[in-house]
Amino acid sequence: QVQLVESGGGLVQSGGSLRLSCAASGSIFSFHMGWYRQAPGKERELVANINSIGSRNYADSVKGRFTISRDNAKNTVYLQMNSLKPEDTAVYYCNAYRPNINSWGQGTQVTVSS
């Protein structure tokens with residue numbers, strides 16, 4: 001297993017930006033990494049993911065506003081969030097996946113005020 005710790009959440013006004021970080025306890029080189037979010041009363045949903053060779057995938061709701069990146073040397077994944085909207089308010093979770101391993105962080109709260 002790999003332990004994940006998210007940081008960078010907070011309160012921001014609509015239109016603002018935040019950068020989330022996810023630090024892993026070990027190498028993420030072979031992992032598919034992703035960011036998910038869960039708003040109150042809703043199911044957890046995929047925001048963005050990036051595979052081991054750098055291919056990215058985004059939810060339609062965040063395309064053009066969010067960017068996922070990874071730094072394998074630092075064992076860290078980032079989520080740059082721009083043009084934030086109130087509907088982006090949620091707990092954001094980092095995920096690391098490869099066959100037989102599926103790890104989650106504890107989450108970081110993002111709140112966007114209107």
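Computed from a predicted structure; not experimentally measured.
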> Can you name the residues that form a side chain to side chain donor-acceptor pair (under 3.5 Å) with Thr111, not counting sequence neighbours?
Replying inline: Gln109
>> Testing the basics here: between Ile68 and Met33, what is the closest heavy-atom pair and its distance to 0.1 Å?
In response: CD1-O, 4.0 Å
> Quick one: side chain to side chain donor-acceptor pair (under 3.5 Å) partners of Asn72, sequence neighbours excluded?
Replying inline: Arg70
> Is Val47 reachable from Val112 through a run of I, L, V, M, F, W or Y residues, each pair having side-chain heavy atoms under 4.5 Å apart?
Replying inline: yes
>> Is any side-chain heavy atom of Val91 closer than 4.5 Å to one of Thr108?
In response: no
>> Measuring from atom OH of Tyr97 to atom CG of Asn49, what distance do you get when rounded to the nearest 0.5 angstrom?
In response: 12.0 Å
> What residue pairs, at least two apart or across chains, pass side-chain hydrogen bond (donor to acceptor under 3.5 Å, both in side chains) with a residue in residues 31-42?
Replying inline: Arg37-Glu45, Arg37-Ser61, Arg37-Asp88, Arg37-Tyr92
> In the hydrophobic clustering that connects Ile, Leu, Val, Met, Phe, Trp and Tyr at side-chain heavy-atom distances below 4.5 Å, which members other than Val5 occupy its cluster, ordered by chain and number?
Replying inline: none
Side-chain donor-acceptor distances from residues 98-105 under 3.5 Å, at least two apart:
from, atom 1, to, atom 2, distance (Å)
Arg98, NH1, Ser30, OG, 2.6
Asn102, OD1, Asn95, ND2, 2.8
Ser103, OG, Gln1, OE1, 2.5
Ser103, OG, Val2, O, 3.1

>> Any non-hydrogen side-chain atom of Tyr58 less than 4.5 Å from a side-chain atom of Leu46?
In response: no
> Does the side chain of Leu18 reach to within under 4.5 Å of the side chain of Val110, using non-hydrogen atoms?
Replying inline: yes
>> Listing request: all disulfide (SG to SG under 2.5 Å) pairs with a residue in residues 15-105, at least two apart in sequence or in separate chains.
In response: Cys22-Cys94
>> Restricting to salt bridge (Lys or Arg N to Asp or Glu O under 4.0 Å), what partner residues turn up for Arg19, sequence neighbours left out?
In response: none
> Are Val77 and Tyr93 grouped together when hydrophobic residues (ILVMFWY) are joined by side-chain heavy atoms under 4.5 angstrom apart?
Replying inline: no
> In the hydrophobic cluster built from side-chain contacts under 4.5 Å, what are the other members alongside Phe29?
Replying inline: none
> Sequence neighbours excluded, which residues qualify as side chain to side chain donor-acceptor pair (under 3.5 Å) partners of Ser25?
Replying inline: Gln3
>> Whether the side chain of Gln13 engages the backbone of Ser113 through a donor-acceptor N/O pair (distance < 3.5 Å, no angle test) should be reported.
In response: no
>> Please report the interatomic distance CG(Asn51) to CG(Asn57), rounded to the nearest 0.5 Å.
In response: 9.5 Å
>> To the nearest 0.5 Å, what is the distance between CG on Leu4 and CG on Asn75?
In response: 10.5 Å
> Taking only residues at least two apart or on different chains, which pairs with a member in residues 54-90 satisfy disulfide (SG to SG under 2.5 Å)?
Replying inline: none
Donor-acceptor pairs under 3.5 Å, side chain of residues 78-87 to any protein atom, not counting sequence neighbours: which ones?
from, atom 1, to, atom 2, distance (Å)
Gln80, NE2, Asn82, OD1, 2.9
Asn82, OD1, Ser17, OG, 2.9

